[in-house]
Amino acid sequence: LYKYRNRIIYKKVKNPYRDIAKNLSNNKIVAVIFGKSEVGPRALGSRSILADPRKKGNWLKVNRIKKREYWRPFAPVIIEKYFHKYFCDSPKRTPFMLFTSRVKSKLIPAVTHVDRTSRVQTVNDKKLPIYKILNFFHKFTNLPILMNTSFNGPGEPIVESLNDGLSFFLKSDISILYFNNFEI
């Protein structure tokens with residue numbers, strides 16, 4: 001943090017999961033870095049950019065942040081027990097975003113592709129930060145879903161360190177960055 005001391009404001013927070021969910025419910029774009037890097041083909045909540053899926057404009061905002069083509073879709077992450085309320089025509093358990101599901105709800109336009117599908121990630125491990133964030137977001141909005149995409153720029157690997165995250169954060173329109181218990 002010392003390298004960026006003149007460019008950032010940060011504070012330690014007691015419950016980052018609650019604070020993240022509150023900011024997301026207020027339509028902030030939030031990046032997160034929690035614990036160790038995840039392994040797999042997708043961002044699974046430890047190195048992610050998160051947004052409110054109820055706001056269709058977030059699709060465009062996050063594509064701009066990531067410098068991607070505007071038509072590219074984003075994935076929803078959902079608490080697994082609510083999957084069938086919002087999605088169908090795929091396995092219920094999809095922890096690695098490997099299946100395309102049909103979207104049943106009009107409440108989540110930021111994660112609904114033009115053909116009414118999404119590549120869904122389900123979460124059921126209550127110890128994971130993304131589960132805790134989803135749980136608070138559900139309490140605040142009555143929706144157990146968030147937009148989730150990898151925390152990286154075009155052609156770059158997913159951020160590994162706080163330094164990587166701060167570098168990207170400072171050149172983007174991400175509203176807030178959370179690094180474990182710190183809000184930046």
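Just so you know, these numbers come straight off a predicted model, no measurement behind them.
- Between K3 atom NZ and S167 atom OG the span is 7.0 Å, to the nearest 0.5 Å.
- For N135 (side chain) and Y131 (main-chain N/O), no donor-acceptor pair under 3.5 Å exists by modelled atom type.
- Shown here is K11, whose NZ atom has no more than 12 heavy atoms of other residues, nucleotides or ligands within 6.0 Å.
- Using a 3.5 Å distance cut-off with no hydrogens or angles, the side chains of S150 and K66 do pair a donor with an acceptor.
- To the nearest 0.5 Å, atoms NZ (K85) and CG (L143) are separated by 8.5 Å.
- In this structure, the side chains of I174 and V30 stay at 4.5 Å or more apart for every pair of heavy atoms.
- In this structure, R68 contributes its side chain and V62 its backbone to no donor-acceptor pair below 3.5 Å.
- Judged by distance alone, with hydrogens and angles left aside, the side-chain atoms of S48 form no donor-acceptor pair with the main-chain N or O of L50 at under 3.5 Å.
- Two residues are said to be in side-chain contact when any heavy atoms from C-beta on lie closer than 4.5 Å; F83 and S90 meet this criterion.
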CA sep, side-chain torsions, deciding dist, call: F169, D164, side chain to side chain contact (heavy atoms under 4.5 Å, CB included)
CA-CA 9 Å; F169 172 69; D164 294 342; over 6 Å; no
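- Relative ring orientation between F34 and Y17 is described as tilted, the plane-to-plane angle lying within the 30° to 60° band.
- Counting heavy atoms from C-beta outward, W71 and N63 have side chains that stay 4.5 Å or more apart.
- For the atom pair CD1 (I78) and CG (N124), the distance works out to 12.0 Å, reported to the nearest 0.5 Å.
- In the hydrophobic cluster analysis, where Ile, Leu, Val, Met, Phe, Trp and Tyr join through side-chain heavy atoms closer than 4.5 angstrom, I33 is grouped together with L170.
- With N181 contributing its side chain and K14 its backbone, the two residues share no donor-acceptor pair below 3.5 Å.
- Here the CG atom belonging to N58 is positioned 4.0 Å from the CD1 atom belonging to I29, to the nearest 0.5 angstrom.
- Closest of all the heavy-atom pairs between V103 and F87 is CG2-CE2, 3.9 Å.
- Counting heavy atoms of neighbouring residues, nucleotides and ligands inside a 6.0 Å radius, atom CG of D173 does not exceed 12 of them.
- There is a side-chain donor-acceptor pair under 3.5 Å between Y178 and N23.
- Counted within 6.0 Å of NZ on K104, heavy atoms from surrounding residues, nucleotides or ligands total more than 12; the atom is thus considered enclosed.
- Because its NZ or CZ atom is not both nearer than 6.0 Å to the ring centre of F140 and within 45° of the ring axis, R18 does not count as a cation-pi partner of that residue.
- Looking only at side-chain heavy atoms (C-beta outward), Y70 and R64 come within less than 4.5 Å of each other.
- Contact between W59 and T112 at its shortest, heavy atoms only, is CZ3-O, 2.8 Å.
- The heavy-atom pair separating R47 from K36 by the smallest distance is NH1-O, 3.5 Å.
- With 3.5 Å as the limit, one finds a donor-acceptor pair spanning the side chains of N163 and Y4.
- A donor-acceptor contact closer than 3.5 angstrom links the side chains of N148 and Q121.
- Residues I133 and L146 meet the side-chain proximity criterion, which asks for heavy atoms closer than 4.5 Å.
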Does the pair I130 and V77 meet the rule for a side chain to side chain contact (heavy atoms under 4.5 Å, CB included), with working shown?
CA-CA 9 Å; I130 192 67; V77 58; 4.1 Å; yes
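- Hydrophobic cluster membership differs between I65 and L60, with clusters built from Ile, Leu, Val, Met, Phe, Trp and Tyr side chains linked at under 4.5 angstrom.
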Please assess F137 against I145 for the test side chain to side chain contact (heavy atoms under 4.5 Å, CB included), listing each intermediate value before the final yes or no.
CA-CA 8 Å; F137 189 77; I145 305 170; over 6 Å; no
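- If you take CG on N142 and CZ on R54, they are separated by 9.5 Å, rounding to the nearest 0.5 Å.
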Show your working on ring-ring contact (aromatic ring centres under 6.0 Å, His included) between H138 and Y82 and close with a plain yes or no.
CA-CA 11 Å; H138 186 218; Y82 299 107; 4.7 Å; yes
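- A donor-acceptor contact shorter than 3.5 Å is absent between the side chain of S118 and the backbone of V120.
- Scanning both residues, Y10 and I184, for their nearest heavy atoms gives CB-CG1, 3.8 Å.
- Residues T94 and T122 share a closest heavy-atom pair of N-OG1, 2.8 Å.
- In this structure, the separation between CG on D52 and NZ on K61 is 9.5 Å, given to the nearest 0.5 Å.
- Residue E80 comes nearest to R93 through the heavy atom pair OE1-CG, 3.3 Å, listed as atom of the first residue, atom of the second, then distance.
- Counting only heavy atoms from C-beta outward, the side chains of Y86 and P76 never approach each other to under 4.5 Å.
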